[in-house]
Amino acid sequence: MPAPTGPAPATPARGGRRLRSAVITLALGGVLFTVGALGLAPQQTPTVASGPDTPRSTDATEALRIRVRKLPTDPDGWSALGMAYVQQARSTSDAATYNRARTALRKSLALRPAGNFAAETGMGALESARHHFAEALTWARRATAANPYSAPAQGVLADALTQLGRYEDSYAAVQRMTDLRPDSSALARASYTWELRGNTARARDLMNKSLQAAGTPTEKAFALTHLATLALETGDPRTALDLAGTGLEALPGDAALLEARARAHTALGQPRQAVADFTAAVAGAPLPQYLLGLGDLQQSLGHREAAEEQYDVLRAQDTLRKASGAVPDADAVLFEADHGDPDTAVGMGRAALRQRPFIAVHDAYAWALHRAGRDTEAVEQADLALALGTVSAPFHYHRALINQALGRTGDARTDLRRALDIDPHFHPVDAPRARTALSRIETVR
């Protein structure tokens, strides 16, 4: 198969696309694509909720529990069960499920200490899901050393490298994964490498190929989610609505698809349907990106009390995060900057960046610095967020307001225009603010 990643173009194409990890959602916040089949039978193939590789069925998890009870010394059974728990934890953020995943994977490693690439791959996926990307990289390297021909291990390696800001290395790992097994999971990762570099057309083409290669409802739903997002963020919410609806037929109740459909309804001026879909997504998976999305939508509609209900849940989640000593992620930094104490947000952003020097974290840190009045530092981080050529309306909006605060009106105007050209509906609150800010600048001109 021809190499799907390849070298970056000299000038990345800049179609209309923003990272879902910015502002409304954080699909890239942990592991966009985490693991693939571990060489087990189909019913034993666990994947991750935020990726196309793992089954979401609780029936599959129960079957694996039964298996390890019958075969307690089978390392493959324990590694498969551990990966099933990783999938559950990614969709619920439940600490107890993460612990069950770790216990199962450690059991597998105890039973087969050497050459257990399946469990090592699982540990890498677990650490990525918990946003411990340096640890994920260590496990992924162990897995790829134990089995250089394991496509899933290369995928976990690529994921960790991406989140650690080692983009060229991650592209190479995706290329190796695709060369080894050009399945739906590998093609989805290849799509993302081009999305990072701003080549929306190639990203869409590869995601369509991932959809065509999808062998399970989960893989199909995953590809449709991201195709819907591409459509949304190139100003085509009607197509996004259709794609999300098709995905929900394959996997009813999927939170990511519900969120994509909610955003499409929002862009189409259908707030009642948007609130219903966001509410269903939160009910299925009370993750920060869905809570923040629903809260911001309610705020844009003037429903302050309803918005505060979601924000209060986010505050409670952050209290638990602080108690556990976990490092904040981009959503938490953005939320604190806008709805809490900007100086606290700056500290959170600095801590997040140390652990995860990814473009979405640079953007969140830039916004926190701006809100704290530290715009000279903020613009440096905003530039880093856009350094790859990634097409992101929120990133450009944030940099626009930072440049405006620095008195760089021309740069601010350019970024505001760019944000609205990419996606005129990129955020229910910030997009109208961007139009107002641009109008004022144009009026002064």
Output field: ring centroids Tyr98/Tyr85 closer than 6.0 Å
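When the ring centroids of Tyr98 and Tyr85 are compared, they turn out to be at least 6.0 Å apart.
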
Ring centres of Phe358 and His362 under 6.0 Å apart?
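So the answer is no for these two rings.
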
Looking only at non-hydrogen atoms, find the nearest pair between [X] and [Y] and report the distance.
{"X": "Gly253", "Y": "Leu248", "result": "N-CD2, 3.9 Å"}
{"X": "Leu301", "Y": "Pro271", "result": "CD2-CB, 3.7 Å"}
{"X": "Ser191", "Y": "Ala203", "result": "OG-O, 2.7 Å"}

Is it true that a side-chain atom of [X] and a backbone atom of [Y] form a donor plus acceptor pair closer than 3.5 Å?
{"X": "Thr97", "Y": "Ala89", "value": "no"}
{"X": "Asp329", "Y": "Asp331", "value": "no"}
{"X": "Thr239", "Y": "Asp236", "value": "no"}
{"X": "Gln273", "Y": "Ala262", "value": "no"}
{"X": "Ser170", "Y": "Tyr167", "value": "yes"}

Does [X] reach the side chain of [Y], with side-chain heavy atoms less than 4.5 Å apart?
{"X": "Thr61", "Y": "Gln88", "answer": "yes"}
{"X": "Gln317", "Y": "Pro288", "answer": "yes"}
{"X": "Leu420", "Y": "Arg435", "answer": "yes"}
{"X": "Asn403", "Y": "Thr409", "answer": "no"}
{"X": "Thr162", "Y": "Tyr192", "answer": "yes"}

Relative to the ring of His226, is the ring of Phe222 parallel (under 30°), tilted (30 to 60°) or perpendicular (over 60°)?
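It falls in the tilted class, 30° to 60°.
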
Identify whether the distance between the nearest side-chain nitrogen and carboxylate oxygen of Asp318 and Lys322 falls below 4.0 Å.
yes

Can a salt bridge be assigned to the pair Asp205 and Arg202 using a cut-off of 4.0 Å between side-chain N and carboxylate O?
no

Run the side-chain hydrogen bond (donor to acceptor under 3.5 Å, both in side chains) test on Arg263 and Thr266 for me, step by step, so that the C-alpha distance in whole Å, both residues' side-chain angles and the decisive distance to 0.1 Å come before the verdict.
CA-CA 5 Å; Arg263 291 177 54 209; Thr266 301; over 6 Å; no

Please report the C-alpha distance between Thr193 and Arg197 in whole Å, then the side-chain angles of each, then the deciding distance to 0.1 Å, and finally whether the side-chain hydrogen bond (donor to acceptor under 3.5 Å, both in side chains) criterion is met.
CA-CA 7 Å; Thr193 69; Arg197 289 173 278 185; 3.1 Å; yes

Go through the side-chain N and O atoms of [X] and [Y] and say whether any donor and acceptor fall under 3.5 Å apart.
{"X": "Gln299", "Y": "Tyr311", "value": "yes"}
{"X": "Arg204", "Y": "Thr200", "value": "no"}
{"X": "Gln298", "Y": "His303", "value": "yes"}

Report, one line per pair, each donor and acceptor closer than 3.5 Å where one atom sits in a side chain of residues 134-144; sequence neighbours left out.
residue	atom	partner	partner atom	Å
Thr138	OG1	Ala134	O	3.3
Thr144	OG1	Ala140	O	3.0
Thr144	OG1	Arg141	O	3.1

Please list every donor-acceptor pair under 3.5 Å in which a side-chain atom of residues 335-349 meets a protein atom from a residue at least two apart or in another chain.
residue	atom	partner	partner atom	Å
Glu336	OE2	Asp341	N	2.8
Asp338	OD1	Trp367	NE1	2.9
Asp338	OD2	Trp367	NE1	3.4
Asp341	OD1	Asp343	N	3.4
Asp341	OD2	Thr344	N	3.3
Asp341	OD2	Thr344	OG1	2.7

Would Glu377 and Tyr365 count as a side-chain hydrogen bond (donor to acceptor under 3.5 Å, both in side chains) here? Give the steps.
CA-CA 10 Å; Glu377 298 168 78; Tyr365 187 33; 5.2 Å; no

Is there a side chain to side chain contact (heavy atoms under 4.5 Å, CB included) between Gln154 and Arg189? Walk through the geometry before answering.
CA-CA 11 Å; Gln154 294 292 341; Arg189 281 180 173 84; over 6 Å; no

